[in-house]
Amino acid sequence: MTDFIEPDWAWATYEPSSQTPWDVRAAAHLYRRAGFGATPAELDTAVKAGPMNAVQTLLSETTEPQSYLTQMSSLADASLATGNPERLSAWWAYRMLSTPAQLLEKMTLFWHGHFATSAEKVQDAELMFVQNQLLRKFAVGDFAGLLLEISRDPAMLVYLDSASNRKAHPNENFAREIMELFCLGEGNYTEQDIRELARCFTGWEVKRRKFRFNRYQHDSGTKSVLGDSGTFGGEEGVGIVVGQDSAALFIAAKLVKYFVMDEPQPSPELLAPLANFLRDQDMQIGPTVQKILSSNLFYSKHSVGRKVRSPVELAIGFLRTLDGSTDSYKLAEALQRLGQGLLYPPSVKGWDGGRTWINSSTLLARSNLIRSLLENDKTRFGKQTLVEHLRKVGANSTDEIIDLLETTLFAVRIPAAAKDRIRRLTRDANETNKLTETVHALCTLPEFQLC
Amino acid sequence: MKHVSRRNFLTTSAAASSVLALSGTAPAFLQQAASDQNSDGRILVVVEMAGGNDGLNTVVPFDNDLYHKARPKLGLSESDILKVQRGIGFHPEMRGFADLLEAGHLAVAQGVGYPNPNRSHFESMDIWHTCQRKGENRSDGWLGRFLEASGGATSSDPAGLHLGHDKQPYALMSRGVRVPSIRSLDEFRLNGSDTEGFREAVKELADARRDDSNDLLGFVQSSTSSAISASERIEAAVGMNSKASASYPSSELAKNLQTISQLILSGLKTPVYYVQIGGFDTHAQQANVHQTLLRAVSESVSTFVNDMIAHGFGERVLCLCFSEFGRRVNENASEGTDHGTAGPMFLAGTQVKAGLIGKHPRLDDLQDGDLKHHTDFRQVYAAVLRDWLSCDAESILKDAFKPIDAIQRA
């Protein structure tokens with residue numbers, strides 16, 4: 001089943017054809033991946049604009065209006081005042097649900113998984129917030145700049161037990177993770193490189209919740225890292241790591257997994273053109289993401305329906321597609337139950353994604369989450385009940401509702417027999433129950449787990 | 001176990017199952033028909049200590065000067081150690097394990113590791129889970145291969161169960177057998193207004209035939225089917241269970257082991273359970289954290305084993321505790337320890353050959369400042385597979401390993 005994919009074709013610009021038309025399903029695919037999801041009206045606009053304009057719009061919308069930023073900032077302050085990082089987790093869920101800049105938020109989430117740091121250990125909402133803002137600031141920006149900033153980020157240093165690093169006993173943890181998980185990948189460095197790089201970081205510490213350089217604890221001797229020698233400090237160490245050829249390949253592979261497909265793992269040949277592009281762009285993330293979202297590969301059968309919805313994609317996507325809003329605290333808790341607690345990644349490796357999202361507990365919890373969203377008084381769709389909202393967008397009968405949801409929320413077509421079974425399930429229910437049961441049953445289908 | 005007859009049965013049933021337009025793994029009723037041969041079967045409970053347990057401060061060579069030299073701040077003093085034999089003792093918080101050992105229910109395999117050790121948590125964990133190195137085919141885990149080889153499921157009950165919040169362990173993965181993960185029994189059910197009818201519909205929706213060109217869809221489909229069946233079976237089993245289990249400590253590990261106890265006592269025939277406890281990655285300020293973790297493991301596992309014994313299940317249960325690596329011999333400047341290599345494994349249950357197995361790794365013969373292993377972890381797995389689960393260890397481990405002598409053979 002692993003077809004060979006021609007690299008030149010893969011990264012060439014997508015042009016709609018009768019086989020892969022630019023229609024509402026294609027636009028929905030773009031929004032599910034580049035963002036969380038879009039309403040039928042937003043999808044109409046995107047279809048009329050054409051694929052390249054739609055992608056361009058997503059990329060240019062990466063600055064949010066001042067009024068929105070002010071609102072987010074005061075909500076963040078209120079969350080931080082409690083000192084409880086779980087409140088901040090709810091704040092972020094609300095932000096994902098409400099931001100006009102979907103791609104920016106989706107990339108912020110990407111970096112949170114990449115530079116995974118858990119509030120469970122950091123135990124400091126303020127530091128988690130500072131890091132979250134850093135990830136957003138660089139979300140579609142310069143990777144080398146982000147890597148350097150994150151290397152001096154207090155939450156990260158606390159998380160990796162690197163809040164102090166003395167020259168007599170260099171702490172190897174951050175040096176290991178920056179090479180293994182943040183930049184190069186296993187096999188592209190030696191244990192000796194880790195020890196030498198750790199020496200570059202000596203004297204980097206967190207004091208009074210701020211980064212500082214303690215020159216008395218810095219090892220000013222000569223280090224030899226990845227073939228380079230010199231009296232390097234931490235900044236130079238980071239520069240050497242990000243300058244490796246394997247860095248562009250490593251980041252390109254992660255972006256492809258995030259935006260294009262869970263499996264199979266793309267070959268180095270397939271990734272090479274994208275990695276070279278990233279390198280030529282001086283590790284600028286925005287243009288690389290644009291190239292991915294504009295590619296033949298992205299709109300092909302290798303991509304559509306070839307990812308498992310992450311819990312965030314599932315919950316935020318469901319709500320955004322139906323113009324929904326809900327209790328953010330409940331939502332944040334549910335994401336935690338489904339295995340993607342915001343600000344609470346399971347380890348420094350972040351979320352593995354793909355098949356690992358799926359197990360018996362999470363499948364039941366996914367279905368139960370949709371049910372609880374539908375039954376919660378605080379959940380509104382376009383500020384109305386779901387019945388009213390669906391009527392407004394022209395979906396009255398069970399068949400019309402199935403059609404609407406299939407077009408906007410499903411990457412994979414629903415088998416006809418399954419539609420029949422759902423009609424049979426809800427035949428005798430009253431209008432509200434019929435609707436709830438229909439939506440709940442649809443969102444429990446195996447097809448719904450893919451995006 | 002009757003492997004051959006079961007395989008024949010499934011082969012002849014294959015035609016029937018395709019007629020019924022079912023897909024994915026063997027449907028529940030087929031498993032049921034081939035079942036009930038394992039009613040007094042043996043159970044393996046794996047406890048993963050994630051993060052790299054400091055083996056040197058777990059099983060301690062307390063009278064060795066090199067130990068105290070390497071651990072000026074973290075070294076444990078002789079007077080606190082729970083002595084096991086000359087020069088070797090347990091961390092003071094491991095009273096539960098010391099008692100199990102005293103009762104003849106604990107075996108400690110010392111100096112366990114593997115050649116050319118990898119110090120990445122993730123890579124090393126994958127090696128322990130799959131028994132394969134990077135670059136080799138790593139599509140399944142050692143327990144997944146066991147479950148598949150032994151026929152997928154012994155009954156309508158799940159073949160294996162993972163308890164906890166973490167993602168499903170690689171060790172349990174296989175192509176054909178889906179192992180459920182359970183966070184808590186309360187959450188492990190499908191909600192709906194008319195639960196019966198809805199559940200019935202969902203089951204049929206999941207089982208409906210689909211275009212099989214999307215592997216991922218096939219995976220989600222069979223996972224959905226197995227989730228629904230497992231939740232029904234477990235709800236029924238726990239509902240029937242009136243036996244109260246012992247009182248457990250409050251740690252999450254203990255709660256998960258208590259749930260396992262509940263499931264075993266309610267007659268579930270699942271042969272493999274998997275639980276995890278994280279936090280062993282003690283790079284800084286190790287002493288307090290490590291002590292809490294060791295107490296949690298030792299207390300929880302000993303409570304569980306004693307609970308099983310008290311209910312007459314003692315001879316059917318074996319616990320296996322492991323970590324992906326030990327830590328450096330020398331402590332670091334943050335009063336912690338960095339990633340190392342060899343460490344001890346623990347086997348608990350009434351059927352173990354109690355005591356220390358193999359010597360403590362030498363402190364005067366290190367490699368790059370790390371302990372050298374003398375026992376491969378696959379030798380421990382081989383003992384569990386051959387002497388406890390009575391199966392062909394070599395095909396599951398994909399190589400021949402001499403089993404350690406840790407389990408009383410029937």
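Please read these numbers as outputs of a predicted model, since none were measured by experiment. Residue numbers start from 1 in every chain, and the chains themselves are labelled A, B, ... in the order their sequence lines are given, proteins ahead of strands.
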> Do side-chain atoms of A:Asn368 reach the backbone of B:Asn191 as a donor and acceptor pair under 3.5 angstrom?
Replying inline: yes
> Does B:Ser223 use its side chain to pair, donor to acceptor, with the backbone of A:Asn359 at less than 3.5 Å?
Replying inline: no
> When rounded to the nearest 0.5 angstrom, what is the spacing between NZ in B:Lys167 and CH2 in A:Trp351?
Replying inline: 13.0 Å
> Is B:Asp166 reaching over with its side chain to a backbone N or O of A:Pro346, donor-acceptor style, under 3.5 angstrom?
Replying inline: no
>> Let me confirm one number: the CZ-CD distance from B:Arg119 to A:Glu191, rounded to the nearest 0.5 Å.
In response: 5.0 Å
>> Under the criterion side chain to side chain contact (heavy atoms under 4.5 Å, CB included), I'd like the reasoning laid out for B:Leu205 against A:Lys419: C-alpha separation, chi angles, the key distance, then a yes or no.
In response: CA-CA 9 Å; B:Leu205 289 168; A:Lys419 292 183 187 173; over 6 Å; no
> Should A:Ser164 and B:Ser334 count as side-chain neighbours, where that means a heavy-atom distance under 4.5 Å?
Replying inline: yes
> What residue, out of A:Pro415, A:Ser361, A:Ala441, has the most heavy-atom pairs lying under 4.5 Å from chain B?
Replying inline: A:Ser361
> For the atom pair CD (A:Glu263) and CG (B:Asp215), what is the distance rounded to the nearest 0.5 Å?
Replying inline: 6.5 Å
>> Do B:Asn214 and A:Arg306 have side chains that approach each other closer than 4.5 Å (heavy atoms only, starting at C-beta)?
In response: yes
>> Does anything in residues 279-290 of chain B reach chain A? List residues with heavy atoms under 4.5 Å apart, or say none.
In response: B:Asp281, B:His283, B:Ala284
> Within a strict 4.5 Å, meaning less than it, do heavy atoms of the B:Phe122 and A:Leu181 side chains meet?
Replying inline: yes
>> Does atom CZ (A:Arg413) have a neighbourhood of more than 12 heavy atoms from anything else shown, all under 6.0 Å?
In response: no
>> Given heavy-atom pairs under 4.5 angstrom as the criterion, report whether the side chain, backbone, both or neither of A:Arg366 touches chain B.
In response: neither
> Which atoms of B:Glu204 come close to chain A, meaning under 4.5 Å heavy atom to heavy atom: side chain ones, backbone ones, both, or neither?
Replying inline: side chain
>> If the condition is ring-ring contact (aromatic ring centres under 6.0 Å, His included), which residues does A:Phe250 pass it with, not counting sequence neighbours?
In response: none
>> Under the rule for salt bridge (charged side-chain N to carboxylate O under 4.0 Å, His left out), what residues qualify as partners of A:Glu447, not counting sequence neighbours?
In response: B:Arg210
> Most heavy-atom pairs under 4.5 angstrom with chain A, which of B:Pro180, B:Ser231, B:Ser181?
Replying inline: B:Ser181
> What is the minimum heavy-atom distance between A:Leu364 and B:Arg189, and which atoms define it?
Replying inline: CD1-N, 3.9 Å
> Hey, is NZ on B:Lys372 packed in by over 12 heavy atoms from elsewhere, all under 6.0 Å?
Replying inline: yes
> A:Ser360 versus B:Ser226: any side-chain heavy-atom pair under 4.5 Å?
Replying inline: yes
>> Using heavy-atom distances under 4.5 Å, tell me whether A:Arg337 contacts chain B through its side chain, its backbone, both, or neither.
In response: both
> Strictly by modelled atom types, are A:Glu180 and B:Ser120 linked by a side-chain donor-acceptor pair under 3.5 Å?
Replying inline: yes
> To the nearest 0.5 Å, what is the distance between CD (B:Glu335) and CG (A:Asp161)?
Replying inline: 12.5 Å
> Does B:Phe198 reach the side chain of A:His440, with side-chain heavy atoms less than 4.5 Å apart?
Replying inline: yes
> Which residues in residues 166-177 of chain A have a heavy atom less than 4.5 Å from any heavy atom of chain B?
Replying inline: A:Arg166, A:His169, A:Pro170, A:Asn171, A:Glu172, A:Asn173, A:Arg176, A:Glu177
>> Quick check: closest heavy atoms across B:Thr224 and A:Thr444, and the distance to 0.1 Å?
In response: CG2-O, 4.4 Å
>> Quick check for you: to the nearest 0.5 Å, what is the distance between B:Ile228 atom CD1 and A:Ser367 atom OG?
In response: 7.0 Å
>> Please classify the contact of A:Thr362 with chain B as side chain, backbone, both or neither, using a heavy-atom distance under 4.5 Å.
In response: neither
>> Does B:Lys134 have more than 12 heavy atoms from other residues, nucleotides or ligands lying within 6.0 Å of its NZ?
In response: yes
>> Between A:Asp262 and chain B, with a heavy-atom cut-off of 4.5 Å, which part of the residue counts as in contact: side chain, backbone, both or neither?
In response: side chain
> Does some side-chain heavy atom of B:Phe219 sit less than 4.5 Å from a side-chain heavy atom of A:Pro446?
Replying inline: no
> Relative to chain B, which segment of A:Ala418 carries a heavy atom at a distance below 4.5 Å: side chain, backbone, both, or neither?
Replying inline: both
>> I'd like to know which of B:Glu331, B:Gln168, B:Arg183 tops the heavy-atom pair count under 4.5 Å against chain A.
In response: B:Arg183
>> Checking A:Glu186 against B:Asn118 for the side-chain hydrogen bond (donor to acceptor under 3.5 Å, both in side chains) test, could you report, in this order, the C-alpha distance in whole Å, the side-chain angles of both residues, the deciding distance, and whether it holds?
In response: CA-CA 10 Å; A:Glu186 234 259 320; B:Asn118 191 299; 2.8 Å; yes
> Considering only heavy atoms, which portion of B:His339 lies under 4.5 Å from any heavy atom of chain A: side chain, backbone, both, or neither?
Replying inline: side chain
> Of all of A:Lys349, A:Gln449, A:Lys307, which one pairs up most often with chain B through heavy atoms under 4.5 Å apart?
Replying inline: A:Lys349
>> Using a 4.5 angstrom heavy-atom cutoff, name the option from B:Ala50, B:Ser184, B:Ala227, B:Gly278 with the most pairs to chain A.
In response: B:Ala227
>> Between A:Val308 and chain B, with a heavy-atom cut-off of 4.5 Å, which part of the residue counts as in contact: side chain, backbone, both or neither?
In response: both
> Given that the side chain runs from C-beta out, which part of A:Lys301 has a heavy atom under 4.5 Å from chain B: side chain, backbone, both or neither?
Replying inline: neither
>> If you compare all heavy atoms of A:Leu425 against all heavy atoms of B:Ala201, which two are closest, and at what distance to 0.1 Å?
In response: CD1-CB, 3.9 Å
>> If I take atom NE2 from residue B:His121 and atom OG from residue A:Ser347, how far apart are they, to the nearest 0.5 angstrom?
In response: 8.5 Å
